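Everything on this sheet refers to the single structure shown next.
Quantities reported herein were computed from a predicted structural model and do not represent experimental measurements. Every number for a ligand or one of its atoms is a count from 1 in the order of the listing.
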Amino acid sequence: MLNRTGNPVPRSEFRNYLSSGYRDDLARDILAGMTAEQKCIPSRYFYDARGSQLFEEICRLPEYYQTRLELSILHGACGAIMESFGKGDLVELGPGTDLKASKLIDAAPEPEGEGICYIPVDVSESALAAATEGLLRRYPRLRVLGIVGDFTRDLGYIPARGKKLVTFFGGTIGNFTDPAAQRMLRSVAGVMGEDDRFVVGLDMVKPVPVLEAAYNDAAGVTAAFNKNILAVVNRELGADFDPGRFEHRAGFNRDEERIEMHLVASAAMAVGIPALDLHVAFERGETILTEISRKFTRESAGRLFSAAGLTVERWFSDPKEWFALAEVSRAGLG
Ligand code: AVI
């Protein structure tokens with residue numbers, strides 16, 4: 001394709017909208033989290049280079065059914081999803097690998113990515129590059145607009161034009177508290193038009209032993225992933241957490257329908273965080289909450305969506321309904 005001056009239009013472009021620094025956010029969150037009654041560290045800080053590598057390992061674990069199930073559900077659903085989408089902007093919030101986007105692009109009515117602009121949104125430019133390189137090679141007509149930004153606050157930068165299919169895979173919506181999930185879903189609803197669709201991956205409520213095994217794998221990868229968050233705080237804020245003196249604990253909270261992941265102090269200790277001029281005292285057995293992972297039913301997910309102005313149009317799931325993709329539209333338009 002040529003532009004007005006006769007030069008070829010580049011097929012990919014990246015725009016960086018990251019505003020505040022990662023370290024400033026971390027400092028603010030650690031100060032709040034270490035002075036709260038239930039100490040906590042937000043789960044977004046798991047994903048430094050080592051944490052992202054450990055998470056990829058988790059996705060391949062026999063106990064961690066989610067990634068495989070979601071992919072097989074998408075395999076069965078992509079034809080129907082792409083038939084109604086046709087072409088336009090394919091927005092992926094927090095892309096991991098290029099696997100899911102390529103399933104969708106393969107199922108598009110037109111070949112080679114014709115008519116599709118893939119718009120991945122992620123805080124990591126290298127994650128965006130990894131997610132898009134292979135796609136550009138595989139689909140010679142695909143265009144890419146990478147948005148380097150935080151999908152919890154930067155969705156306003158997604159161009160308002162034509163038709164959109166927004167995807168949020170991996171069950172990550174479950175890592176948000178209800179108010180945070182509401183804010184995020186509302187901001188997605190805010191960029192959707194009448195014919196646009198939003199496909200969200202949801203991990204569903206299932207037998208507790210299956211859920212708990214997925215977060216307590218025999219190889220100890222999830223434990224290493226959990227403890228790595230302390231290494232992140234040490235590196236970025238000069239703290240002296242000793243990961244060896246914390247135990248990994250993950251269990252299902254039936255009332256809240258969520259897995260809660262903690263780091264448990266195995267002895268009383270004091271931890272210094274020089275960048276915050278803070279000393280944190282731990283009693284033996286005291287915990288740091290590092291992650292919640294909510295599990296849904298169709299009813300609880302429907303309530304979450306409708307409170308954010310979204311309506312479920314279709315469900316896709318495996319026969320046991322252990323994982324599901326909800327295809328939602330913006331309610332009340334049209
Ligand atoms: C990214 N997220 C959906 C994962 C989950 O299952 O909540 C993160 C994870 N934590 C431990 N294992 C995987």
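Annotation for ligand 1: atoms under 4.0 Å from non-hydrogen atoms of Phe225 are 10 (N), 11 (C). In the vicinity of Ser293, heavy-atom distances shorter than 4.0 Å reach the ligand 1 atoms 5 (C), 6 (O), 7 (O). Every atom of ligand 1 with a heavy atom of Gly171 under 4.0 Å away is listed here by number and element: 3 (C). For ligand 1, the atoms closer than 4.0 angstrom to any heavy atom of Tyr47 are 1 (C), 8 (C). Ligand-side atoms of ligand 1 in range of Gln66: 6 (O), range being under 4.0 angstrom from any heavy atom.
Within 6.0 Å of atom CD in Glu212, more than 12 heavy atoms from other residues, nucleotides or ligands are found, so the atom counts as buried in its surroundings.
Between Thr222 and ligand 1, not a single N/O pair is under 3.5 Å apart. When only interatomic distances are considered, the shortest N/O to N/O separation between Lys295 and ligand 1 does not fall below 3.5 Å.
The nearest non-hydrogen atom to atom 3 (C) of ligand 1, considering only Gly201, Ala223, Ala250, Gly170, comes from Gly170. Here atom 2 (N) of ligand 1 lies nearest to Asn175 when heavy atoms of Ile259, Thr172, Thr290, Asn175 are compared.
Tyr64 places a side-chain heavy atom less than 4.5 Å from the side chain of Tyr215. When side chains are defined from C-beta on, Val205 does not count as touching Ser300, because their heavy atoms never get closer than 4.5 Å.
Of all protein heavy atoms, the one lying nearest to atom 4 (C) of ligand 1 is Tyr64 OH, 3.3 Å. Annotation: atom 8 (C) of ligand 1 to nearest protein heavy atom, Glu291 OE2, 3.3 Å.
No donor-acceptor pair under 3.5 Å is formed between the side chain of Asp89 and the backbone N or O of Ile116. Judged by distance alone, the side chain of Arg330 and the main-chain N or O of Asp196 form no donor-acceptor pair under 3.5 Å.
The nearest pair of heavy atoms linking Gly86 to Ala108 is O-CB, 4.4 Å.
In this structure, Phe46 falls outside the shell of residues with a heavy atom less than 4.0 angstrom from ligand 1. The shortest heavy-atom distance from Phe169 to ligand 1 is not under 4.0 Å.
Counted by atom type alone, Thr152 and Arg183 present zero donor-acceptor pairs between their side chains at under 3.5 Å. A donor and an acceptor atom, one from each side chain of Ser124 and Asp122, are nowhere located under 3.5 Å apart. For the residue pair Arg314 / Ser84, a side-chain donor-acceptor distance below 3.5 Å is found, with atom types taken as modelled.
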